[in-house]
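The structure appears right after this line, and notes come after that.
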2 protein chains.
Amino acid sequence: MASATPPPLPADLIRAAGAKVTRGRVRVLEALHAARQPLCHAELESQLGAGEPGIDRVTLYRVLDSLVGHGLALKAVDTRGVFRFSATGAQRQHASHIHFRCTGCGGVFCLKAEPPPPPKLPRGFRLGEVEFDVRGTCAGCSAPDRA
Amino acid sequence: MASATPPPLPADLIRAAGAKVTRGRVRVLEALHAARQPLCHAELESQLGAGEPGIDRVTLYRVLDSLVGHGLALKAVDTRGVFRFSATGAQRQHASHIHFRCTGCGGVFCLKAEPPPPPKLPRGFRLGEVEFDVRGTCAGCSAPDRA
DNA sequence: CGCCAAATGCAACACTGTTGCATTTATGGT
DNA sequence: ACCATAAATGCAACAGTGTTGCATTTGGCG
């Protein structure tokens, strides 16, 4: 389906999101885009540390937080309680659609479906965001060749 | 009317599961049964530590693992990456309903409302739980207009 | 009662994530 | 192109969560 749209450069995505374009952010976002599964901090650290300069442990945490804060990455928790990060496709607003969270790999998938209307709240409660979270196992983790 | 099933004592459940009946296990299982929400290690520790003898930190971890291993408790990960435990009997009540999370105080409230029907999933995806997460501010946090 | 495996308590450790602060760097103004 | 500035980085130290090793206690049994 992606025929007329050229692959967006991570640097442009970062700039468009209103964040400084730094080497660390570009490399992390590249790694997240290249990954087919959500990556945790340790995996990113070893993967990027293999390069020339390496990335500081704390800087990597802050880079990831920055990407998540600017909507360029999604943060989830895997079954072991470790945060995993995945790149969002284009700059998307995940305000009005459904998220599917894989309990196996921690991946977040955006479903093409309308979220249901918000329920009525008790008195005094103020509505913020409505998130329809569907959990289960994605196609990769449901593969039958795993006992 | 009166009761279809008498409430089983935690000690009997533990014995029936084939585990030694110890004070720690009974107290933890009682706490899990009494709780209307899954509890994390820290919450259990402070709750049980308020009693007379208190429970060792490590022992509590091992008690929880033991309960999970014997099928008396369920282990899950919350959004912050912390393990939460619930008694197996109590899980059915909270299987699928709506949670309201207050972004001010972090409290979780269970709304009496039917969860919406699950959406259709892509091929290969297996549906686990459907969680309708509504975020906002609760009555207590909304009352004083702090901007 | 007495045995023994299991459970406990204590200390120390490993891993994940965070905070403070000095230094470097990306970006806008001139 | 240069400089100023605020943000980003690197380093050190810390905090929270969960685990392992080992000596001691205890539940369950004959």
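So you know, we letter chains A, B, ... as the sequences are listed, proteins then strands, and number each from 1.
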Between dG18(D) atom C1' and I55(B) atom CD1, what is the distance in whole Å?
17 Å
For dT18(C), does OP1 or OP2 lie under 4.0 Å from any side-chain N or O of Y61(A)?
no
Between R84(A) (side chain) and P38(A) (backbone), is there a donor-acceptor pair under 3.5 Å?
yes
Is there a side-chain contact between E43(A) and Q47(A) in this structure, where contact means two heavy atoms from C-beta onward sitting under 4.5 Å apart?
no
To 10°, what angle do the rotation axes through the five end pairs on each side of the helix from dC1(C)-dG30(D) to dT30(C)-dA1(D) form?
30°
Expressed in angstrom and rounded to an integer, what is the separation of R80(B) atom CZ from dT18(C) atom P?
11 Å
Could you grab the distance from atom CG of L32(A) to atom OG of S86(A), nearest 0.5 Å is fine?
7.5 Å
So if I take every side-chain heavy atom of D65(B) and compare against dC11(D), dT17(D), dT19(D), which nucleotide ends up nearest?
dT19(D)
Can you list the residues that meet the salt bridge (Lys or Arg N to Asp or Glu O under 4.0 Å) rule with K75(B), with sequence neighbours excluded?
D65(B)
Residues passing the salt bridge (Lys or Arg N to Asp or Glu O under 4.0 Å) test with E30(A), sequence neighbours excluded, are none
Passing candidate, side chain to side chain contact (heavy atoms under 4.5 Å, CB included) with V26(A), options V63(A), I14(A), L9(A):
I14(A)
Take the protein atom CZ of F83(B) and the nucleotide atom P of dG16(D), then report the distance between them rounded to whole Å.
18 Å
I14(A) CD1 - dA7(D) P separation (whole Å):
17 Å
Close N or O pairs between protein and nucleotides 5-8 of chain C (under 3.5 Å):
{"residue": "dA6(C)", "atom": "O4'", "partner": "K20(B)", "partner atom": "NZ", "Å": "3.4"}
{"residue": "dA7(C)", "atom": "OP1", "partner": "R25(B)", "partner atom": "NH1", "Å": "2.9"}
{"residue": "dA7(C)", "atom": "OP1", "partner": "R25(B)", "partner atom": "NH2", "Å": "2.6"}
{"residue": "dA7(C)", "atom": "O5'", "partner": "R25(B)", "partner atom": "NH2", "Å": "3.0"}
{"residue": "dT8(C)", "atom": "OP1", "partner": "T22(B)", "partner atom": "OG1", "Å": "2.8"}

Kindly write out the residues that satisfy side-chain hydrogen bond (donor to acceptor under 3.5 Å, both in side chains) with S66(B), not counting sequence neighbours, or none if the list is empty.
R25(B)
CG of D78(A) to CD of Q37(A), rounded to nearest 0.5 Å, is 11.0 Å
R57(B) (side chain) and dG18(D) (base): donor-acceptor pair under 3.5 Å:
yes
Residue pairs fulfilling ring-ring contact (aromatic ring centres under 6.0 Å, His included) with at least one residue in residues 57-89 of chain B, sequence neighbours excluded:
H41(B)-Y61(B)
In whole angstrom, give the distance that lies between atom CG of D78(A) and atom P of dC15(C).
16 Å
Round to the nearest Å and state the distance from L39(B) atom CG to dG18(D) atom P.
13 Å
Would you classify V58(B) as touching base, sugar-phosphate or nothing, given that sugar-phosphate means primed atoms plus P, OP1 and OP2, and contacts are heavy atoms under 4.0 Å?
base
Both C40(B) and R15(B) contact DNA chain D. Taking the nearest nucleotide for each, which residue is further toward the 5' end?
C40(B)
dA8(D) C1' sits how many Å from L60(A) CG, rounded?
14 Å
Rounded to whole angstrom units, what separation is found between the CG atom of L44(B) and the P atom of dT17(D)?
12 Å
